Protein chains: 2
Amino acid sequence: MGNYDVQKEVTDKYSLRGRVFNRIREDILSGKFKRGEELKETAIASELGVSRTPVREALRQLELEGLVNIIPNKGAYVMGITSKDVKDIYQIRSLLEGLCARWAASLVTDEQLDELEEIIYLSEFHAEKEHFDQVLELDNKFHELMYNISGSQILEHVLSDFHHYVQRVRKITMATKSRALKSNEEHKQIVEALKLKDADKAEALANQHMMNTIKNLSNYAIDDILGQGSESGN
Amino acid sequence: MGNYDVQKEVTDKYSLRGRVFNRIREDILSGKFKRGEELKETAIASELGVSRTPVREALRQLELEGLVNIIPNKGAYVMGITSKDVKDIYQIRSLLEGLCARWAASLVTDEQLDELEEIIYLSEFHAEKEHFDQVLELDNKFHELMYNISGSQILEHVLSDFHHYVQRVRKITMATKSRALKSNEEHKQIVEALKLKDADKAEALANQHMMNTIKNLSNYAIDDILGQGSESGN
DNA sequence: CTTGGTATCATTGTATACAATGATACCAAG
DNA sequence: CTTGGTATCATTGTATACAATGATACCAAG
């Protein structure tokens, strides 16, 4: 019974296919594979020391995620995401993070509130010390936990995807002490609203949290982060 | 260049894998494969007259879509969607269809307005005649076109997925003349707002369109539509 | 009859073979 | 030099072979 009701974050990490999938995905999101680049099955397979089969399966999955474009009988090409995509994602997230916070307000348990506060507390510590990797990691945790608390697998799934998609951008924007602290402060306010079970306020704050992020984004040349502008010869 | 910037709706329809993928997906969404059912590679392969390879690739893709749960070394199980998922999707769509209409308001061209009006006009005709298959088809077209007009690949992608996910439910709810006409009327109002380039109004109306659908949903036993409770032999 | 262990079988995971397709290099004709 | 065609090669698409894993049936011990 019910062994099918656990939505897995991403593919199984222990099979070859799972490892190949995660590896290629990371390489796209981190920018190692450039937009438009062709991904040859044999090349990737030999590089990772596996056969073409797991590579093919991984590429097919990435196609569905929109990170890869497969032209039949021709090849697989990196799609990556554009700066427009990033902006759109933050707009969409603004609405959905709001909905998430709204739902979470009526479902959150005391234990979960504790967990959220612990994350915030730790994040503050690391932000002060400028341990930006940990800050990013804790930001992930905060949002993933919020998604989980919302009680909606669908919402969790879509928000989790979007959150992951913009990781490269977040990696940059979270790497300044001021923004890290500000972001953390915003998280804290959201949790306060959850404590009061104030759904309207929680929604508005989560909403605003994303809008602030968008505002902050305008300080950066997103195209450069994504490696769009200049082109290497090909 | 730029041959990689066309986001494909779903996998290529002409390869074996594409056909297998679409077939299994339809069978899950239409309810032929029941929730929790095990999908054996060899059985599906021989049924469709292909080898295991395309079946495996299709199952891996469906896993990523959340329609199938794969337990490594064990098997693939149908996840389907629950009635809670359906409700969540409509809530999410309410927000995102609103955003979509807002963006569309500033981008829509005269040709696109014509297209939208043609769809509505045809839909009215078929609704009057109670040709519900055509009504559903035109509803698909209307929304897909709206998604496209929004100018956001990301938004188009996610809304298109959600829209497709609830097709089985829509198939039922759109099959009454009154709701079909009402829905069409709502579409008409949205288009009027687009004509006036009134983004606020378009958003509010699209928003409301989904909320009305949710209200309408409560007249149905969604669990039955999804085949959760009782079993129909077929 | 119940429990626990082993052999057997079904099924998935991965690698590889072969077919089909598309890209490229080369050559001949003008 | 340019154009068009063909042979060759690289790459993907699909099927299949074999290994690894998990499920099941059966049997022996108590």
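The figures here come from the full heavy-atom set of this structure, side chains too, leaving out hydrogens, waters and symmetry mates. Protein chains get the first letters and strands the later ones, always in sequence-line order, with residue 1 at the start of each. What you see is a predicted model, and the numbers here were worked out from it, not measured in a lab.
- Helix bend of the helix from C:dC1-D:dG30 to C:dG30-D:dC1: the angle between its two end axes, each built from five pairs, comes to 10° after rounding to 10°.
- In this structure, B:I71 places its CD1 atom 16 Å from P of C:dT11, rounding to the nearest Å.
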Nucleotide N/O of nucleotides 16-18 of chain C paired with protein N/O under 3.5 Å:
from	atom 1	to	atom 2	distance (Å)
C:dT16	O4	A:T53	OG1	3.4

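- Atoms CG (B:L59) and C1' (C:dG13) sit 13 Å apart, rounded to a whole Å.
- Counting only N and O atoms by type, the side chains of B:T173 and B:N216 include no donor and acceptor under 3.5 Å apart.
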Scoring nucleotides 19-24 of chain C by protein non-hydrogen atoms under 4.0 Å (B base, S sugar-phosphate only, - none) yields --SSS-
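- With sequence neighbours excluded, the residues satisfying side-chain contact (heavy atoms from CB on, under 4.5 Å) with B:L136 are B:R170, B:K171, B:M174.
- Regarding B:Q61, its CD atom lies at a distance of 12 Å from the P atom of D:dG13, rounded to whole Å.
- Taking atom NZ on A:K40 and atom C1' on D:dC9, their separation rounds to 12 Å, with Å as the unit.
- Under a 3.5 Å cut-off, the side chain of A:D139 and the backbone N or O of A:V135 do not form any donor-acceptor pair.
- Checking side-chain atoms of B:S123 against main-chain N and O of B:I119 turns up no donor-acceptor pair under 3.5 Å.
- Not counting sequence neighbours, the partners of A:D27 by the salt bridge (Lys or Arg N to Asp or Glu O under 4.0 Å) test are A:R23, A:K32.
- Side chains of B:D85 and B:T82: a donor on one and an acceptor on the other come within 3.5 Å.
- Distance CD1 (A:I70) to P (D:dT14): 11 Å, rounded to an integer number of Å.
- Nearer to the 5' terminus of DNA chain C, by closest-nucleotide assignment, is the contact made by B:E38 (compared with the other of A:P54 and B:E38).
- Sorted by first and then second residue, the salt bridge (charged side-chain N to carboxylate O under 4.0 Å, His left out) pairs involving residues 111-121 of chain B (not counting sequence neighbours) are B:E117-B:K195.
- Between the P atom of D:dA15 and the CG atom of B:L48 lies a distance of 11 Å, rounded to the nearest Å.
- In this structure, A:R17 does not reach the C:dT12 phosphate: none of its side-chain N or O atoms is under 4.0 Å from OP1 or OP2.
- Rounded to whole Å, the distance from CD on B:E41 to P on D:dT14 is 16 Å.
- Of the possible donor and acceptor atoms, none in the side chain of A:Q61 sits under 3.5 Å from a partner among the backbone N and O of B:L64.
- A side-chain N or O of B:E144 and one of B:S160 form a donor-acceptor pair less than 3.5 Å apart.
- In this structure, B:S150 contributes its side chain and B:Y147 its backbone to a donor-acceptor pair below 3.5 Å.
- B:L39 comes within 4.0 angstrom of sugar-phosphate atoms only, judged by non-hydrogen atoms across all strands, and of no base.
- Checked by atom type and distance alone, the side chain of B:K87 never pairs as donor or acceptor with a backbone atom of B:L217 at under 3.5 Å.
- Of the side-chain N and O atoms in B:R56, none sit less than 4.0 angstrom from OP1 or OP2 of C:dT12.
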